[in-house]
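Notes follow once the structure below has been shown.
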Amino acid sequence: MTDPSAPTTLDEAAAELVHALQDGQQFALASLAVLQRELTRRLAGQDLGADTVEELVDQVVVRFVQAVRRGRPIRPDGSGAYIARSLRNAAVDYHRAPNQVLPFEEEIYGAMPLDDDQLARLLAKHAARADVLDGLEAAVADQRYTVVKVVLQWLRLAERFGEEPSSRQVGLDLDLSHTAVNDALSEFRERYLPNPAPDP
Amino acid sequence: MSNSAPHNPSKSSSLRSQLQAGLERLGPDTVQLLQSLKEASPELRRLALQTSPFATRAELIAHGLLTRDESCEMTSLGNAALEVLQPLAPDARRELAAEAQRVLDEANREATAGETESESVAEAV
């Protein structure tokens with residue numbers, strides 16, 4: 001049975017996705033499904049293969065979601081137009097130079113949001129995405145689950161607000177004292193992330 | 001000769017315990033994401049994972065459920081997790097839809113209140 005409140009158009013889906021993300025929800029699957037369908041339809045007849053269409057649509061949607069999630073003040077009622085424009089630009093760029101990485105459109109989305117590597121560097125100056133993933137895998141293997149939970153919540157809040165969250169904020173979300181949060185973060189940085197080389 | 005690999009009880013039991021341990025340790029949002037992805041197409045599944053926060057992807061990767069690269073494919077353990085998880089219950093789906101509607105209404109109310117306030121200020125000026 002179809003949910004009568006589910007979005008059906010590109011504008012509705014984009015607006016609902018923006019509302020959901022700005023409200024701190026992790027995902028809005030029904031909106032994503034409509035966006036994917038409607039954007040794919042818009043590229044039909046453009047002489048692009050199915051794989052290319054899927055790749056372009058995915059890249060545009062990922063960029064849009066990252067921009068909203070990482071604090072761009074995108075108005076829900078204009079968001080369908082934003083994403084449609086971004087897709088048009090992506091298709092034009094692709095025709096000009098296939099297989100190039102799409103440029104980030106600052107004129108549409110404003111300043112580039114933090115990517116995974118930048119989030120990792122917020123957690124520890126010398127860390128990159130791969131270091132954080134290695135560290136988390138090692139902490140899971142060591143069954144240091146509180147450390148893992150703290151780091152993940154820290155990253156969630158950092159991504160949402162674009163800056164380092166306070167340990168008090170992380171603690172409130174996990175029902176832990178800020179001291180426990182600080183201890184867990186220190187353990188992760190010291191034990192599970194590569195240490196910077198000492199100054200000569 | 002059969003092409004299927006010989007059954008290895010200790011390997012499948014180790015996979016099962018790894019899966020159980022992983023699922024028990026995932027946060028509720030991540031479990032809910034997996035539940036909702038259970039019935040999604042592979043394309044939508046990939047998009048939902050690619051657009052999920054870094055923390056969610058990192059959590060799934062750390063528990064061996066998701067590949068590390070940008071394609072965001074589920075690993076065999078991740079696919080097994082999707083199989084054992086129950087799909088999102090209709091009640092939970094309705095709750096999510098109601099929550100989305102509440103957020104939408106609230107945003108509309110705030111927008112209307114903002115406009116009324118601006119009008120009042122303009123009139124006062």
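The structure presented is a predicted model; accordingly, all values stated were derived computationally and were not measured. Below, chain A is the first sequence line, B the second, and so on; all start at residue 1.
Within the structure, the salt bridge (Lys or Arg N to Asp or Glu O under 4.0 Å) test picks out the following pairs touching residues 57-71 of chain B (sequence neighbours left out): A:Asp116-B:Arg57, A:Asp134-B:Arg68, A:Glu137-B:Arg68, A:Arg156-B:Glu59. Evaluation of the salt bridge (Lys or Arg N to Asp or Glu O under 4.0 Å) test over residues 158-176 of chain A, restricted to residues two or more places apart or in two chains, returns A:Arg70-A:Glu159.
In terms of non-hydrogen atom pairs under 4.5 Å with chain A, the most contact-rich of B:Leu33, B:Thr30, B:Thr56 is B:Leu33. The candidate from A:Leu152, A:Leu155, A:Val61, A:Leu21 with the greatest count of non-hydrogen atom pairs under 4.5 Å with chain B is A:Leu152. Each of A:Asp77, A:Val57, A:Leu133, A:Leu35 has some count of heavy-atom pairs under 4.5 Å with chain B, and the biggest count is that of A:Leu133. When each of B:Ala55, B:Pro53, B:Ala62, B:Gly27 is scored by its heavy-atom pairs under 4.5 Å with chain A, the top score falls to B:Pro53.
Chain B is approached within less than 4.5 Å, heavy atom to heavy atom, by A:Val140, A:Tyr145 from residues 140-148 of chain A, ordered by number.
Rounding to the nearest 0.5 angstrom, the gap separating the OG atom in B:Ser36 from the CG atom in A:Leu29 is 4.5 Å.
Residue contact with chain B, scored on non-hydrogen atoms closer than 4.5 Å, involves the backbone and the side chain of A:Ala130 alike. At a 4.5 Å heavy-atom cutoff, the contact between A:Leu32 and chain B is made by backbone and side-chain atoms alike.
Taking the side chain as every heavy atom from C-beta outward, A:Leu123 and A:Phe188 approach each other to under 4.5 Å. A 4.5 Å side-chain heavy-atom check between B:Leu66 and B:Thr75 finds every atom pair outside the cut-off.
Distance alone, capped at 3.5 Å, is enough to place a donor-acceptor pair between the B:Thr67 side chain and the B:Glu73 backbone.
Neither A:Val34 nor A:Val62 shares a network with the other; the hydrophobic side chains, linked directly or stepwise wherever heavy atoms of I, L, V, M, F, W or Y lie under 4.5 Å apart, form separate groups for each.
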Hey, can you pull the donor-acceptor pairs under 3.5 Å for the side chains in residues 44-53 of chain A, sequence neighbours left out?
none

Requested in this report: Might you work through the side chain to side chain donor-acceptor pair (under 3.5 Å) test for A:Gln36 and A:Thr40, ending with a clear yes or no?
Outcome: CA-CA 6 Å; A:Gln36 194 176 48; A:Thr40 301; over 6 Å; no
